[in-house]
Amino acid sequence: PTSFAETEQKIKIGVMAPLTGPVATMGELLDEASSYIKKYQKFKIEFIFEDHQYDGKLAVTALNKLQQVDKVDLIIVWGNTPSGTCAPVAERNKIPLLAMSMNPDAKD
């Protein structure tokens, strides 16, 4: 194969979002977006969702599961509090993490 698109390898992306609780609408929107991406993608992508209910402790638990059990290649986390609690853990464990946060104090 000459490119990733021609391989059989699948990219596994973990998505941590509030799938239940008071801001579950945001998690539902991310789930809908992943369905759209899967429908029109060139690459073989598997999205694995974990519910953090917008809770920092649940987000860290989800992060550890996605890394250790699901063996994802990248983790996306939605929300200020979950992003803030997961970022140091991801950095310490060298986990690629994409944080979606409106926090103006977020670091590069």
Side-chain angles (χ1 to χ4, degrees):
T2 59
S3 72
F4 186 83
E6 296 173 345
T7 70
E8 293 300 314
Q9 184 177 355
K10 184 184 294 187
I11 299 170
K12 292 172 71 174
I13 299 175
V15 180
M16 299 186 311
L19 302 175
T20 59
V23 290
T25 303
M26 293 309 299
E28 293 167 7
L29 290 172
L30 289 172
D31 186 38
E32 286 177 31
S34 73
S35 296
Y36 182 79
I37 291 168
K38 285 188 278 190
K39 185 176 178 180
Y40 296 102
Q41 70 184 348
K42 290 168 87 175
F43 303 106
K44 297 157 187 73
I45 300 174
E46 177 183 0
F47 291 96
I48 301 170
F49 278 80
E50 287 293 327
D51 183 10
H52 63 43
Q53 298 177 18
Y54 205 78
D55 178 274
K57 289 181 183 179
L58 291 176
V60 171
T61 299
L63 176 103
N64 289 328
K65 180 198 175 281
L66 288 167
Q67 178 197 20
Q68 297 168 7
V69 176
D70 298 310
K71 309 279 190 223
V72 298
D73 301 298
L74 169 72
I75 297 176
I76 299 171
V77 58
W78 182 90
N80 294 346
T81 300
S83 295
T85 56
C86 286
V89 176
E91 185 173 354
R92 183 175 54 247
N93 294 334
K94 307 226 183 308
I95 304 167
L97 180 74
L98 174 63
M100 298 169 59
S101 173
M102 296 296 289
N103 184 349
D105 297 325
K107 297 180 181 176
D108 302 300

Per the salt bridge (charged side-chain N to carboxylate O under 4.0 Å, His left out) rule, what does the pair list look like for residues 68-87, sequence neighbours excluded?
K65-D70

Check ring-ring contact (aromatic ring centres under 6.0 Å, His included) between Y54 and all other residues, then give those that pass, not counting sequence neighbours.
W78

Smallest separation among heavy atoms of T20 and Q53, with atom names:
OG1-CG, 3.2 Å

Point-to-point distance, once rounded to the nearest 0.5 Å, from CG of L74 to CD1 of I11:
9.0 Å

Cluster membership besides L66, Ile/Leu/Val/Met/Phe/Trp/Tyr side chains within less than 4.5 angstrom, sorted by chain and number, is M16, I48, V60, L63, V72, I75, V77, V89, I95, L97

C86 side, atom SG; L58 side, atom CG - distance, nearest 0.5 Å:
10.0 Å

